[in-house]
Amino acid sequence: MLIKTRRRSDVLPSEITPESIYRDRRRFLQTSALAAAGSLLAPGWASAKPMEALEPLGKIAKSDYSTDEPRNSYEDITTYNNFYEFGSGKEDPSRYAPDRLDHRPWTVTISGEAENTGEMALDDFMQGLTLEERVYRLRCVEGWSMVIPWAGVSLADVIRRAAPTSRAKYVKFYTKYDPQTFPAQAARGMSFLASIDWPYTEGLRMDEAMNPLSFLATGLYGKEIPSQNGAPIRLVVPWKYGFKSIKSVVRIHFQETEPECTWNLLQPDEYGFYANVNPNVDHPRWSQAQERRIGEFFKRDTLMFNGYEEEVAHLYAGMDLAKHY
Ligand SMILES: Nc1nc2c(c(=O)[nH]1)N[C@H]1C(S)=C(S)[C@@H](COP(=O)(O)O)O[C@H]1N2
Ligand SMILES: [Mo]
């Protein structure tokens with residue numbers, strides 16, 4: 001996510017250099033002593049846990065909702081991340097999350113306007129749900145995108161089992177709060193990370209949450225999901241900007257009013273509650289008309305609802321999308 005201190009005239013380095021050069025430069029910068037002095041933790045190497053080191057998930061059903069576009073590599077998906085709990089650099093998550101974020105024990109709490117509330121061990125939470133593969137496009141609000149083969153469960157199945165009451169109009173999600181695990185949650189002073197009202201939260205309207213595309217991912221490339229991608233369970237809402245896809249979820253809360261969400265609270269004029277991918281509505285500081293697919297040189301056009309228009313456009317019929325951005 002981009003922070004407001006950038007001047008309007010500044011261009012993202014990722015917009016002017018090919019990704020590979022940009023990443024090599026970042027690697028160089030981040031291993032230098034100077035960069036280490038400004039980071040949250042002792043320097044470490046940005047590297048993904050090798051895929052072989054992760055637990056296989058077992059039987060995963062294919063889904064008609066998957067795209068057949070070429071998938072980004074495991075390396076790209078697990079080393080170019082946003083997970084501000086570990087710092088704001090793209091390589092901070094892969095550098096720090098694998099050692100710091102324990103996948104187990106993990107519990108998920110269902111709370112608020114629902115019949116079946118309570119706290120459950122993740123393994124119990126997953127019981128009886130069908131594990132599916134969903135190959136989805138992910139479009140970050142910053143202007144980059146990837147194609148990611150997630151594994152996980154349909155959010156609608158989880159919600160049906162929770163049996164929300166008629167007052168439940170929205171669902172709110174919370175990332176784990178644990179400053180021992182997530183250094184940014186312990187940040188103090190005037191730093192940007194200290195200005196975030198932790199834990200990270202996000203929300204959906206009930207009909208958005210019930211849409212068959214809304215997904216809770218516990219896996220990637222057929223293995224358990226790596227820490228830096230939001231282990232052990234994270235939301236994936238492919239028609240919205242990536243920041244809606246909240247990581248490392250511990251609570252799912254049903255409520256009557258529109259939930260407060262981290263980025264919307266911080267910069268409401270820049271990050272709306274809906275955050276639907278929309279090439280026609282620019283971010284106040286940059287165009288959203290195009291994106292760079294990680295691994296590609298030329299930019300490509302951004303598609304309405306990130307290419308999921310057929311599945312989700314009806315949710316917003318009659319809404320002014322420039323107003324409800
Ligand atoms: N808890 C939490 N969830 C988060 C974020 C974060 O900083 N903290 N970043 C978001 C943003 S901006 C994006 S683009 C996606 C990136 O997911 P990925 O790293 O798995 O590609 O995670 C989203 N979920
Ligand atoms: Mo993002």
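Sequence positions, counted from 1, serve as the residue numbers for this chain. Indexing begins at 1, ligand by ligand and atom by atom, following the structure's order. Computed from a prediction, not measured in an experiment: that's the story for all the values here.
Where the criterion is an N or O separation shorter than 3.5 Å, residue side chain and backbone included, Trp150 fails it with respect to ligand 1. On a distance-only criterion, Tyr80 and ligand 1 share no N/O pair closer than 3.5 Å. Annotation: Trp144 places no N or O atom under 3.5 Å from an N or O atom of ligand 1; distance criterion only.
Shown in contact with Ile246 at under 4.0 Å from a heavy atom are these atoms of ligand 1, numbered in order with element: 3 (N), 24 (N). Residue contact check: Glu85 has heavy atoms under 4.0 Å from atoms 1 (N), 2 (C), 6 (C), 7 (O), 8 (N) of ligand 1. Those atoms of ligand 1 that come under 4.0 Å of a heavy atom in Leu138, given as number and element, are 21 (O). Listed by number with element, the atoms of ligand 1 under 4.0 Å from a non-hydrogen atom of Thr175 are 1 (N). Each of the atoms 1 (N), 6 (C), 7 (O), 8 (N) of ligand 1 lies under 4.0 Å from some heavy atom of Phe83.
Below 30°, between 30° and 60°, or above 60°: for Tyr241 and Phe243 the angle between ring planes is below 30°, a parallel geometry. Using cut-offs of 30° and 60° on the angle between ring planes, the pair Tyr221 and Tyr74 is perpendicular.
Distances from atom 16 (C) of ligand 1 to the heavy atoms of Asn82, Val249, Ile225 put Asn82 nearest. Of the listed options Cys140, Gly242, Ser94, Gly242 places a heavy atom closest to atom 15 (C) of ligand 1. The closest non-hydrogen atom to atom 24 (N) of ligand 1, taken over Ala275, Pro199, Ser245, comes from Ser245.
Residue Arg234 places a heavy atom less than 4.0 Å from ligand 1.
Neither the backbone nor the side chain of Ile77 comes within 4.0 Å of ligand 1, counting heavy atoms alone.
Geometric assessment of Arg161 against the ring of Phe125 yields a positive cation-pi assignment under the 6.0 Å and 45° thresholds. Annotation: cation-pi pair Arg205/Phe273 absent, no NZ/CZ under 6.0 Å from the ring centroid and within 45° of its normal.
Taken together through direct or relayed side-chain contacts under 4.5 Å among Ile, Leu, Val, Met, Phe, Trp and Tyr, Tyr274 and Trp263 form part of one hydrophobic cluster.
Within the 4.5 Å cutoff, side-chain heavy atoms of Arg293 are placed close to those of Glu69.
Between atom CZ of residue Phe254 and atom OH of residue Tyr170 there is a gap of 15.0 Å, rounded to the nearest 0.5 Å.
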